[in-house]
S.K.: 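I'd like to ask some things about the structure below.
In what follows, chains carry the letters A, B, and so on, assigned in the order in which the sequence lines appear, proteins first and then strands, with residues in each chain numbered from 1. This is a predicted model, so every value here is computed, not measured.
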Number of protein chains: 2
Amino acid sequence: MTASRTARERVRAELTREITDIARRQLATEGAGGLSLRAVAREMGMVSSAIYRYFPSRDDLLTRLIIDGYNALGEAVEQAEAPVPRGDHLGRWLAACHGLRDWAVAHPHEYALLYGSPVPGYQAPVETVAARARDVTVLGAIVSDAHAAAALRPAGDTPPPPAEAAADAGNLRGLMPGLPDELVWRAITAWATLYGWVNLEVFGQLNNTVEARQPVFEHAMRVAATTLGLVSTE
Amino acid sequence: MTASRTARERVRAELTREITDIARRQLATEGAGGLSLRAVAREMGMVSSAIYRYFPSRDDLLTRLIIDGYNALGEAVEQAEAPVPRGDHLGRWLAACHGLRDWAVAHPHEYALLYGSPVPGYQAPVETVAARARDVTVLGAIVSDAHAAAALRPAGDTPPPPAEAAADAGNLRGLMPGLPDELVWRAITAWATLYGWVNLEVFGQLNNTVEARQPVFEHAMRVAATTLGLVSTE
DNA sequence: GAAAAAACGAGAGCACCGCTCTTGACTTGG
DNA sequence: CCAAGTCAAGAGCGGTGCTCTCGTTTTTTC
């Protein structure tokens, strides 16, 4: 009933952890394609077939890493946004953006696993979907809070929301409670800007083009916040 | 002196073309990881080592496909934007955006090769950089033309441009002649929105979330255009 | 027109990969 | 104490990118 019953279970949990740790390190250095069960086994002093006692296939190990990655990213965003006063919606948005970007720049291969091109031959199982929502939940809460506090600039000159996508907006409202369609789509557009920028940077599209990444990112996120309707608190 | 001198050169060009065609088809169906020199050779009725007479390595074949992909994407964007009257800057922007998205949705694996996570172990050579500029050149021309025609809404409420990135703005002005820094960064932000949205869609992040893709994309690009300062011509 | 040079396809082979199956030793619970 | 379950190890299958050698054929050179 306690944490670990038998000695066998304890050493099994320990070895499973060691496998994922080594795999994560290989992922960080070599990238997703360089993740090799045989290399992990070699580093553990095991024979390759022994790994299959712990992970039935390479894809299952990859799934474990993806879920861990989503959680690590989500936690990073949460921790970056948490210290900001709840009423400072623009500050919360910027903090969350920087939290996401900083984590992505620090863990480029893991970020690529989450938001980059799908790994060839790998089909993401349902388990990964639950973990994915963590970072976007933070973003959604900011927009919801700002709208509830009437701190969002009204529609004004923004184009009308797409009527054909009313059902989709309903789905998304789970992440952004209380928001009208027009604001849901403004928020999604801001997210596209956020993830789009991070993708451009992490995937190397800005090499030899933009060097002062941090200030330009900050500026872009401020522009996105303005479009979203977040106004400075001062 | 003519197009093809010897018979050997003619058949060599023909075989090279056949290799890239088969490789592109494999890339489209299996993805980048499923691209196998042996499979290409098998389909051609050749032995695997013979392929190396035409491409010294798998990476060189990949480079060829990447360059072809950039050109195909650039051409798609050009053709989508060309028919729009030059003075209708918003229409040109929207047409270019749809051209990019349509091509990406039609060729997801090729798009992933261009704008997704880098292929593990593959280092993009310099040849690919030249081809890359084609789509962004179209986008840059639209913004430049709009600014030259004084059709861009002035700064207004947008945040001040990052002073630390003045040198970067200078580099980027090659794509957007005549634009002040503030507009360069507004344009880059709009591009991040564009590529960010397409990435989200092509890489499957919108599955089970946004179904009415085309209208929502259209709306997002209109929002981005408004942020960029492009106003409707009517 | 014959000889030298270059290009070519085929084949064997190397080291690696994911994965399967069997074997023998060990731990656990009845 | 012994049967059941768990484990690491090893051999092996088919796949990969890539290298090297070996005849053959085509092109170039004299």
S.K.: What residues in residues 49-57 of chain A put a non-hydrogen atom under 4.0 Å from any atom of DNA chain D?
M.R.: A/Ser49, A/Ala50, A/Arg53, A/Tyr54
S.K.: Can you pull the contact range of chain A along DNA chain D, 5' to 3', using atoms under 4.0 angstrom from its heavy atoms?
M.R.: D/dG5 to D/dG12
S.K.: Could you check how far CD of B/Glu14 sits from C1' of C/dG9, rounded to whole Å?
M.R.: 17 Å
S.K.: Using the 3.5 Å cut-off, write out each protein N or O paired with an N or O of nucleotides 26-28 of chain C and the distance between them.
M.R.:
residue, atom, partner, partner atom, Å
C/dT28, OP1, A/Arg8, N, 3.4

S.K.: Name all residues meeting the salt bridge (charged side-chain N to carboxylate O under 4.0 Å, His left out) criterion together with B/Arg92; count only those two or more places apart in sequence or in a different chain, and write none if there are none.
M.R.: B/Glu81, B/Asp145
S.K.: Does B/Ser57 have any side-chain hydrogen bond (donor to acceptor under 3.5 Å, both in side chains) partners at least two apart in sequence or in another chain, and if so, which?
M.R.: B/Asp60
S.K.: Under the rule for side-chain contact (heavy atoms from CB on, under 4.5 Å), what residues qualify as partners of B/Thr16, not counting sequence neighbours?
M.R.: B/Arg12, B/Tyr54, B/Phe55
S.K.: Who passes side-chain hydrogen bond (donor to acceptor under 3.5 Å, both in side chains) against B/Ser49, sequence neighbours left out?
M.R.: none
S.K.: What residues, two or more places apart in sequence or in another chain, satisfy salt bridge (charged side-chain N to carboxylate O under 4.0 Å, His left out) together with A/Arg24?
M.R.: A/Asp21, A/Asp68
S.K.: So A/Leu35, base contact, sugar-phosphate only, or nothing? Heavy-atom distance under 4.0 Å.
M.R.: sugar-phosphate
S.K.: Specify the residue among A/Ala39 and B/Arg38 whose closest nucleotide of DNA chain C lies further upstream toward the 5′ end.
M.R.: B/Arg38
S.K.: For A/Glu30 and C/dC17, what is the distance between atoms CD and C1' respectively, to the nearest whole Å?
M.R.: 14 Å
S.K.: What pairs with A/Asp181 under salt bridge (charged side-chain N to carboxylate O under 4.0 Å, His left out), at least two apart in sequence or on another chain?
M.R.: A/Arg173
S.K.: Describe the nucleic acid contact of B/Arg58 in one word from base, sugar-phosphate, nothing, applying a heavy-atom distance below 4.0 Å.
M.R.: sugar-phosphate
S.K.: Tell me, please, which residues at least two apart from A/Ala104 pass side-chain contact (heavy atoms from CB on, under 4.5 Å).
M.R.: A/Tyr111, A/Val198, A/Val202
S.K.: For A/Glu30 and A/His109, does a side-chain donor sit closer than 3.5 Å to a side-chain acceptor?
M.R.: no
S.K.: Over how many whole Å does the gap from B/Met44 atom CE to C/dC8 atom C1' extend?
M.R.: 13 Å
S.K.: If the condition is side-chain contact (heavy atoms from CB on, under 4.5 Å), which residues does B/Asn71 pass it with, not counting sequence neighbours?
M.R.: B/Ile67, B/Ala131, B/Arg134
S.K.: What residues form a side-chain contact (heavy atoms from CB on, under 4.5 Å) with A/Ala50, not counting sequence neighbours?
M.R.: A/Met46, A/Val47
